[in-house]
Amino acid sequence: MTDLFGTAPRASGRRDHRVSVLVPVAVDAPYTYASDRALAPGTVVAVPLGTREVLGCVWDDPPDETIGHNRIREVSRIFDCPPIADDLRRFVDWVAAWTLGTRGMILRMVLRVPDALEPEPPIKAVRATGTAPERRTDARARVLEMMSDGMAWSKSGLATAAGVSPSVVDGLVAQGCLEAVLIPPSTAYAVPDPEARPPKLFDAQRHAADSLVTAVAADRFSVSLLDGVTGSGKTEVFLEAVAETVRRGRQSLILMPEISLTNVVIDRIERRFAARPAEWHSAVPPRQRARVWRGVAEGRVPIVVGARSALFLPFADLGLVIVDEEHDPAYKQEDRVSYHARDMAIVRGREGGFPVILSSATPSIESRVNADQGRYRRLHLPTRIAGSEMPEVTAIDMRRDGPEQGQWISPRLASAAERVLADGRQVLFFLNRRGYAPLTLCRTCGHRFVCPNCSTWLVDHRLRGRLECHHCGHSEKRPEACPECGDLDSLVACGPGVERIAEEVRARHPDSRILVLSSDLPGGSDRLRRELQLVADGGVDIIVGTQLVAKGHTFPNLALVGVVDADLGLANGDPRAAERTFQLLTQVTGRAGRTGGTGEGMLQTYAPEHPVIKALVSGDREAFYREEVAARRNAGLPPFGRLAAIVVSGPDKHEAESYARALARAAPRSDAVEVLGPAEAALAVLRGRYRFRLLARAPRSVDLQAYLRDWLAAGPRPRGALKCMVDVDPQSFL
DNA sequence: AGCACGCCGACT
DNA sequence: GTCGGCGTGCTC
């Protein structure tokens, strides 16, 4: 800015510059603040907002000149940290527009690191002074021996290393033999060596890896779908893309669907590159989070393994994102802003101009469609690496070969299990249903136990002696007598859960060591880890498990997987039911013979002709994919995205939400439903982002498009003005 | 009268 | 998201 004489204006006090600052609250437009100097977009600042002070980021929008001087407040701090990069700022804008969130709320996900912006406090340590202690004891001698090289140690570390109690160290400090010193925190990250331990790759792997390396070398946006059967060595392949990214001096992000799976990948990366990658998810303690955030922003962290929130880390120079197990529904975030991390990863790649890799043994239908339509490149690994075969999968027709009344395991599955156990190998009975029985009813009066909130059946959890709702978490004590007719001992359990299967297995195999693995068993993740180790060490003969066993863990000696109810989940009205079941049962039968030897899967089914069962038995994934795409087309569903519900409005917020929940329970389940507030929903429909169809409760005569337009244009609206719901299909998003 | 709670709008 | 203001309705 120059004045009439072409000279720069004199600096006159502080409030010379207006800057746009996006703040982490639910607003879309940045606010205008004053600053004593110009601030580049991306600068991280603290600003006053109402009664508090919040973190914010200088944004690209021009400052609002219409705000009066008297209303403008001053930037209170400018942080000494690298700016939020352009590509991440564009990404925030894009995600906000796509998810119908506000830019402020998306930025909040980037800035949710309270301590990262303060310099890390120095570490308290002790160092030898050279003074000898008055009395020289054994313990003191050991400590001083450790300290003779002049290095500083933390008190507790020193005590542990010297094998003495911390009070010995305190005593030496009191005597002046050791002095307390402050040392700068170590922030160095191990540098990965791309040539440290290159894997031996088989032909198909080599071909896929070369293709990924080429994609990285091309230095522009692309999406590759690495589609390889369980055990085909996908991880080794995509780590070659990481290696190439490291060679180019850029950062890589590997996304995992859940925290429990990160460890395995972290260990493999450490082996491959002789350096441990950084880890990012909600269970990482705050201090370490802050360190990772800062290290990522300063470009010192070359590789991050993280959950979906890692997409919002402020990478200085991100050059690759890998989405492992891309089909996993855990990538969809439901609370607050609702987004699909797999799709957002692709957008992050587009904004940053770098490649994205999706990896899965059972790709989602939409990713396969995107690959077939040429938006993604597909890399196919059709066979396992040498030394292990795909398990032989057979179907057991329960209409002919079912078990006796009161049992759930068919004779054929039972004898196969006996054969395997006699060989000293392990058996897994899989049933994706927690608890003892999904329904309890009274033999006398027919009373069924249902949830007071959800009107779904209460699941009998016998180990806990409770009846629980798997929908809302409601739990009540399992009564002795029927609450309806008062009869004692008249309650019967209907249908099986894992606890009941375990009971049957115990009766059949009293001498076998049996382990039940289900997410609701007490003891938490430590106990789970110990029990999985026990399985790996051969301390268990039979595992009875839910979905928990399908992911991540390998069972080296597992020879047979018996799926107790392969039809479970096929008929629940979810538009993704077939896809989910195919993915789950592929994963779980794939556990058999995973690390060599033969493996076998047996599916107990009442519908052996169902396309999902047939595809699992034939092992023909392509056939399943073709059938499923055709089935969706016939049902009028797009192969893409998800079906969503919009509650446009209700008489009040609570009623609107209960409509949404009711809808969620009806046809399209869990992941298929999205709940939006009234204004966002109306906008979404008007912007043409959704197709919609009025549901029964809506007045059929209403032209919804016109109604919504008027409704939005009408300015302040009475609450409850519009009562209807629509369900919608998002379009392809690229 | 005094206050708990829920709703709503503002925040530069 | 978080705060303060304000209205409703219930209790000491």
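Order of the sequence lines sets the chain letters (A, B, ...), proteins ahead of strands, with each chain counted from 1.
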Pair R90(A) + D60(A), salt bridge at N-O below 4.0 Å: no
F91(A) ring centre to R348(A) NZ or CZ under 6.0 Å, with the angle to the axis within 45°? yes
How many Å lie between CG on D64(A) and P on dC11(B), as a whole number? 13 Å
In whole Å, what is the span from the CG atom of L49(A) to the P atom of dG9(B)? 18 Å
Length of the line joining R73(A):CZ and dA10(B):P, which is rounded to integer Å: 16 Å
Given atom CD1 of I67(A) and atom P of dA10(B), what is their separation to the nearest angstrom? 13 Å
Length of the line joining E74(A):CD and dT12(B):P, which is rounded to integer Å: 14 Å
Answer with base, sugar-phosphate or nothing: what part of the nucleic acid does T51(A) contact at a heavy-atom distance below 4.0 Å? sugar-phosphate
Separation of dG1(C) atom C1' from M109(A) atom CE, nearest Å, is 13 Å
With the threshold set at 4.0 Å, does a side-chain nitrogen-carboxylate oxygen contact exist between R89(A) and E351(A)? no
Expressed in angstrom and rounded to an integer, what is the separation of D28(A) atom CG from dA10(B) atom C1'? 16 Å
For H461(A) and H470(A), take the angle between the two ring planes, folded into 0 to 90°, and tell me which bin it lands in: parallel under 30, tilted 30 to 60, perpendicular over 60. perpendicular
Separation of dC11(B) P from E53(A) CD (nearest whole Å): 18 Å
